[in-house]
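None of these values were measured; they are calculated from a predicted model. Letters A, B, ... are given to chains in the order of the sequence lines, protein chains preceding strands, and every chain is numbered from 1.
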Protein chains: 2
Amino acid sequence: MRKLTNWLISKITKMEKATDTEQKILNAAKLVFQEKGMAGARMQEIADKAGINKALLHYYFRSKEKLFRKIFEEIVQKFLTPIISEMNSEKPLEVKIWTFAESYMNMLTANPHIPLFMMHELHSNPKALQEIAHKNISLNGALLQKQINEEVAKGNFKPISFLELIVNMLSLSVFPFVAKPMLKAVFGIPDEKFNQLIEQRKIAIPKLIIAGLKADCN
Amino acid sequence: MRKLTNWLISKITKMEKATDTEQKILNAAKLVFQEKGMAGARMQEIADKAGINKALLHYYFRSKEKLFRKIFEEIVQKFLTPIISEMNSEKPLEVKIWTFAESYMNMLTANPHIPLFMMHELHSNPKALQEIAHKNISLNGALLQKQINEEVAKGNFKPISFLELIVNMLSLSVFPFVAKPMLKAVFGIPDEKFNQLIEQRKIAIPKLIIAGLKADCN
DNA sequence: GTCTATAAAGGGATAGAC
DNA sequence: GTCTATCCCTTTATAGAC
């Protein structure tokens with residue numbers, strides 16, 4: 001009986017330690033991969049940041065490749081889900097435009113490295129997304145286009161394809177985070193001023209997008 | 001006399017070969033570095049693409065680091081010079097906006113990998129640009145701001161900082177090239193449709209920017 | 001200048017003890 | 001589960017012949 005109890009305790013302890021360690025690894029890996037990319041990341045650095053050693057990394061995730069995929073999938077999800085679910089919602093078009101900019105830039109402010117990381121890795125391995133993309137809900141372009149066309153019919157908006165609209169919104173929202181190092185260097189912008197710029201864009205972007213849509217602006 | 005002639009011919013031949021080989025290396029390195037980034041690039045691949053062997057790479061450029069810097073500087077120049085010289089020109093503001101979008105996207109169409117490469121490398125080594133930036137002419141923000149303020153005073157434009165304006169123009173023009181792999185995967189866009197999108201944006205971007213500036217659009 | 005061969009370092013992955 | 005020690009392949013860089 002005593003033996004059984006000890007066995008249980010040990011088992012549970014190990015399980016807790018396991019999930020704990022696994023989480024520490026994932027957190028460390030997320031940091032390092034986002035900072036250096038797949039090619040630039042070093043298993044040693046991930047181990048150090050997680051407070052363990054390389055061997056244990058391979059015990060949990062058999063290879064660098066496997067560990068990377070896990071992180072990559074998670075980040076792709078985080079990047080795409082908000083866009084897709086917002087655009088697929090039944091809200092009125094103008095509401096979507098307003099809420100998307102604010103909520104998305106909030107997410108990016110909390111995770112500023114996501115866009116550049118994702119774009120870079122996607123560029124060096126375009127097939128990687130194909131599989132992941134199919135696991136997710138996909139964007140309902142038809143719905144969005146229908147909403148646009150309704151506004152056009154009412155004489156409120158000029159015609160535009162949903163793709164153009166999304167590219168415009170993504171460009172204006174995401175690019176500053178991708179270009180942050182350049183903006184800092186070329187214009188000498190300190191962090192504080194960058195944050196102000198982002199804050200201000202949560203309002204400026206919807207305004208710009210809508211001004212571009214309005215039929216009475218030539 | 002015959003000997004001297006031969007020596008000269010050999011010397012000249014070697015010189016020609018030298019600049020020729022150097023150029024082949026630089027071209028190959030440009031391709032590989034842009035495709036894989038500094039960390040992902042392999043000297044072997046550069047040598048193969050240049051039609052020579054690794055040893056010769058090190059003969060011309062002592063290290064991967066040195067070769068990379070050369071390429072990186074050239075690309076930064078190519079990315080920044082058009083923006084800066086266009087914005088520093090004395091043309092009227094609206095003309096700048098129109099010509100920038102078209103000429104810049106033409107350059108990017110011919111060199112589609114430049115933005116992502118530059119952003120990625122700048123992210124992993126922010127100090128690198130500091131030195132390069134100082135070698136170049138810098139953007140004259142005061143001139144641009146003066147032009148904006150004049151239009152505001154005339155009642156044509158709403159107030160905006162030159163930084164916001166530039167970030168908007170850069171975002172809309174550059175982001176599609178950075179996001180191309182994602183757009184292809186998520187929206188299933190083939191190359192041909194992507195090119196159409198870019199072509200169409202040469203006109204759509206200036207229109208959008210100016211609609212956002214016009215005082216009579218709310 | 002260009003090559004082949006090789007040194008030297010880096011870094012992912014495994015063996016085996018605890 | 002976690003560690004130390006080590007393997008071994010990859011990749012940068014150099015030596016030396018032609």
B:Leu170/A:Met182 under side chain to side chain contact (heavy atoms under 4.5 Å, CB included): CA gap, chis, key distance, verdict: CA-CA 12 Å; B:Leu170 278 180; A:Met182 188 200 67; 4.0 Å; yes
Measure from the side-chain N and O atoms of [X] to the backbone N and O of [Y], and report whether any donor-acceptor pair falls under 3.5 Å.
X: A:Gln145; Y: A:Ile160; result: yes
X: A:Asn111; Y: A:Met107; result: yes
X: B:Asn53; Y: B:Leu56; result: yes
X: A:Lys64; Y: A:Met38; result: yes

Provide, to the nearest angstrom, the distance between the [atom1] atom belonging to [X] and the [atom2] atom belonging to [N].
X: B:Phe61; N: D:dA13; atom1: CZ; atom2: P; answer: 14 Å
X: A:Leu56; N: D:dA5; atom1: CG; atom2: C1'; answer: 16 Å
X: B:Phe68; N: D:dT12; atom1: CZ; atom2: C1'; answer: 16 Å
X: A:Asp48; N: D:dC3; atom1: CG; atom2: C1'; answer: 14 Å

Axis bend over the full length of the helix from C:dG1-D:dC18 to C:dC18-D:dG1, computed from five pairs that close each end, to 10 degrees: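 For the helix from C:dG1-D:dC18 to C:dC18-D:dG1, the axes at opposite ends meet at about 10°.
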Pairs involving residues 47-57 of chain B, ordered by first then second residue, that meet salt bridge (Lys or Arg N to Asp or Glu O under 4.0 Å) (sequence neighbours left out):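 Every pair satisfying salt bridge (Lys or Arg N to Asp or Glu O under 4.0 Å) with a residue in residues 47-57 of chain B: B:Glu45-B:Lys49.
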Of all pairs that satisfy salt bridge (Lys or Arg N to Asp or Glu O under 4.0 Å), the ones with a partner from residues 97-116 of chain A, not counting sequence neighbours: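 Listed once each, the pairs would be none.
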Pair B:Glu22, B:Thr19: side-chain N/O donor-acceptor within cut-off below 3.5 Å: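 On atom types as modelled, these side chains do not qualify, holding no pair under 3.5 Å.
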Greater than 12 external heavy atoms within 6.0 Å of A:Lys70's NZ: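 No, NZ of A:Lys70 has 12 or fewer neighbouring heavy atoms, counting only those of other groups under 6.0 Å.
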OP1 or OP2 of D:dT2 under 4.0 Å from side-chain N/O of A:Thr21: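 So the side-chain polar atoms of A:Thr21 do come within 4.0 Å of the phosphate oxygens OP1 or OP2 of D:dT2, strictly under.
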Residues within residues 30-37 of chain B bordering DNA chain D, heavy-atom distance below 4.0 Å: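 Close to the strand, none.
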Per-nucleotide protein contact string for nucleotides 4-16 of chain C, where B marks a base within reach and S marks sugar-phosphate only (heavy atoms under 4.0 Å, - for neither): B------SBBBB-
Carboxylate-amine/guanidinium contact A:Glu73 A:Arg69, below 4.0 Å: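 Here A:Glu73 does not pair with A:Arg69 in a salt bridge, since their nearest N and O are not under 4.0 Å apart.
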Could you list the donor-acceptor pairs under 3.5 angstrom formed by side chains in residues 82-89 of chain B, with sequence neighbours left out?
| residue | atom | partner | partner atom | Å |
| --- | --- | --- | --- | --- |
| B:Ser85 | OG | B:Thr81 | O | 3.0 |
| B:Glu86 | OE1 | B:Lys91 | NZ | 3.4 |
| B:Glu86 | OE2 | B:Lys91 | NZ | 3.1 |
| B:Glu86 | OE2 | B:Thr99 | OG1 | 2.5 |
| B:Asn88 | OD1 | B:Asn140 | N | 2.7 |
| B:Asn88 | ND2 | B:Ser138 | O | 3.1 |
| B:Ser89 | OG | B:Glu86 | O | 3.0 |
| B:Ser89 | OG | B:Lys91 | N | 3.3 |

